[in-house]
Amino acid sequence: MEKDVRVRFAPSPTGGLHLGGVRTVLYNYLFAKQNNGKFIVRIEDTDRTRFVEGAEQYIFDCLDWCGLTPDESVVHGGEYGPYRQSDRKEIYKKYAEQLIDQGNAYYAFDTPEELEQMRTNLKTDKNPNPQYDHNTRMNMRNSLSLSDAEVKQLIESGTPYVIRIKMPDNETISFTDMIRGEISNSSGLVDDKVLLKADGMPTYHLAVVVDDYLMKISHAFRGEEWLPSAPVHILLWKYLGWENEMPQWGHFPLILKPDGNGKLSKRDGQRLGFPVFAMKWADPGTGEALDGFKEVGFLPEAFVNILAMLGWNDNTEQEVFSLNELISKFSIDRIHKGGAKFDYEKAKWFNHKHLQEKTETDLYNLVLPFIHTHSPEVDNELLKKVIPLVKERCNLLTDFWDQSHFFFVRPENIDTTPISGKWDDDKTNFFKVWLTKLDELTNWDADSLENLFTDTATELSIKKGQVMLPLRIMLVGGKYGPNVMDIAALLGKKEVKVRVECILEQL
RNA sequence: GCCGCGUUGGUCAAGGGGUUAAGACGCCUCCCUUUCACGGAGGAAUCACGGGUUCGAUUCCCGUACGUGGUACCA
């Protein structure tokens, strides 16, 4: 019988939630939803030295914004809790001891200094990173090298110890990765990983298998950085007697820097001017705060779409997907093996596409908070009329202000150089005549304004094209924005006259 | 160093023994627009390299190079 699909995302609460992390969430979520399964979030906070206050809540806030709601977690509940590893501390020890009893693990009493000593002593050009493994463990202080009496004495006297897995000298460990196919490793090349730390907390290696087992995880998906330690995990599943319940593995490719080499980091975002976190993260330790995709004006559905396409496609030309489409079309076997470089320009294009599909009411609600950061007292009715005029030239929600501020705030410091050189009295005269005729206009709308403008130009024998750009500069302050007559229509007679007259005096 | 995993235009990528090697982003040109965008039409640009296998290799195999990850009482 097929197992129920249960997948998990297991972040450590140590800082901002990165692009790659959200993509791992997404792929897990899509797989779960597609298979009527459960998506679980488990907090892996076993490293007390890296714990950051607030990071856990922040992760859930990010998932919430993305619309990727867990079925089970610290905040969503569930039958397999606790979902925070620090709350499960007592569970792990007994399994570690079981492994010792079976001869698959051992106590190690080496101090950090002794470990350091061993590494520097054994370090050579050919072997720059000596490991604690079958070659070295008998020279260290552990329950394999020491007599039973010594071990007993050390434990009873309260000497700190860790529990390490005893990796077989030379065994081939193979497994099938859902993305990469058959993968084999030689056990002798992997070190005797610490399973239980001196403070009684498990390391990732022990915790991930114990919890995946206890939480009945059916498919274990994670980043490619875990591939080298997969043999340790597989051995643990075997040693603990759970081989038949072992989840299927899948290791996702990495998201890389847009330029140079390496994994994308928050520094790359700062250096190249784009966010790497889902939402703003303010580190309580350093006081440093970095905006996320949300703050720079991305739509969550676009953000999710971008991430989905970074390493996956559905074998058609479709690129813009809703979350529901992704749920039905996603497939693990179409995930790439190779890492992908993140492209911010393309990311903005995705957001543009999603923005255009929004209703005007939705856009109004989405844009309002961004407009308020610039001008808290905008005319809401005016904003509603402005949105359809500018939306197609916006990529980000933050672009709306840049594209429309002149509707709400009279432009200052207008650069008239594009028109001042060719300015003459005929043009001044044209605007003066047009301004007075404005008072006679019965319908204040774009068409009427344009007709009047054209007629006036014809009457004064001036080319319409010569006065169009000047009008735009007067109204907008620059060579951009929607149709000038639409702008004039929304601005209203009084404001148009003020702006035109003001510039006329300067020319 | 060792081990794992990768490699199709600048980027995301489709394809998978015989193709004019899709599409998208970006870039360039033109059209639309009396602005700037949007939109439309074009264009430049790719199978890392070397050996096999084969009538034929971008595709399969082996090397090499390059990239990337791991090599912690971090995850």
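Every chain is numbered from 1 and lettered A, B, ... according to where its sequence line falls, protein lines coming before strand lines.
- Straight-line distance from the OH atom of Y132(A) to the C1' atom of G70(B): 21 Å, rounded to whole Å.
- By the 30° and 60° cut-offs, the orientation of the rings of F221(A) relative to F252(A) is parallel.
- Heavy atoms of V162(A) sit under 4.0 angstrom from at least one base atom.
- Among the protein residues, D133(A) comes within range of no part of the nucleic acid, since none of its heavy atoms lies under 4.0 Å from any strand.
- Atom pair N305(A):CG and C12(B):C1' shows a separation of 12 Å (rounding to whole Å applied).
- Side-chain N/O atoms of D268(A) and S265(A) include a donor and acceptor closer than 3.5 Å.
- E392(A) places its CD atom 9 Å from the P atom of C38(B), with the value rounded to the nearest Å.
- Backbone-only engagement by A340(A) is indicated by non-hydrogen atom pairs under 4.0 Å involving sugar-phosphate atoms exclusively.
- For K193(A) against A72(B), a side-chain-to-base donor-acceptor contact under 3.5 Å is absent.
- Distances shorter than 4.0 Å separate none of the side-chain N or O atoms of N129(A) from OP1 or OP2 on G1(B).
- Atom pair K464(A):NZ and U33(B):P shows a separation of 11 Å (rounding to whole Å applied).
- The residue among K353(A) and R334(A) whose nearest nucleotide of RNA chain B is located toward the 5' end is R334(A).
- If you look at F400(A) and F370(A), their ring centroids are not closer than 6.0 Å.
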- Passes side-chain contact (heavy atoms from CB on, under 4.5 Å), N104(A) versus K166(A)? Steps please. CA-CA 5 Å; N104(A) 299 126; K166(A) 185 185 172 194; 5.7 Å; no
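- Of the two residues near RNA chain B, N313(A) and E345(A), the one whose nearest nucleotide lies more 5' is N313(A).
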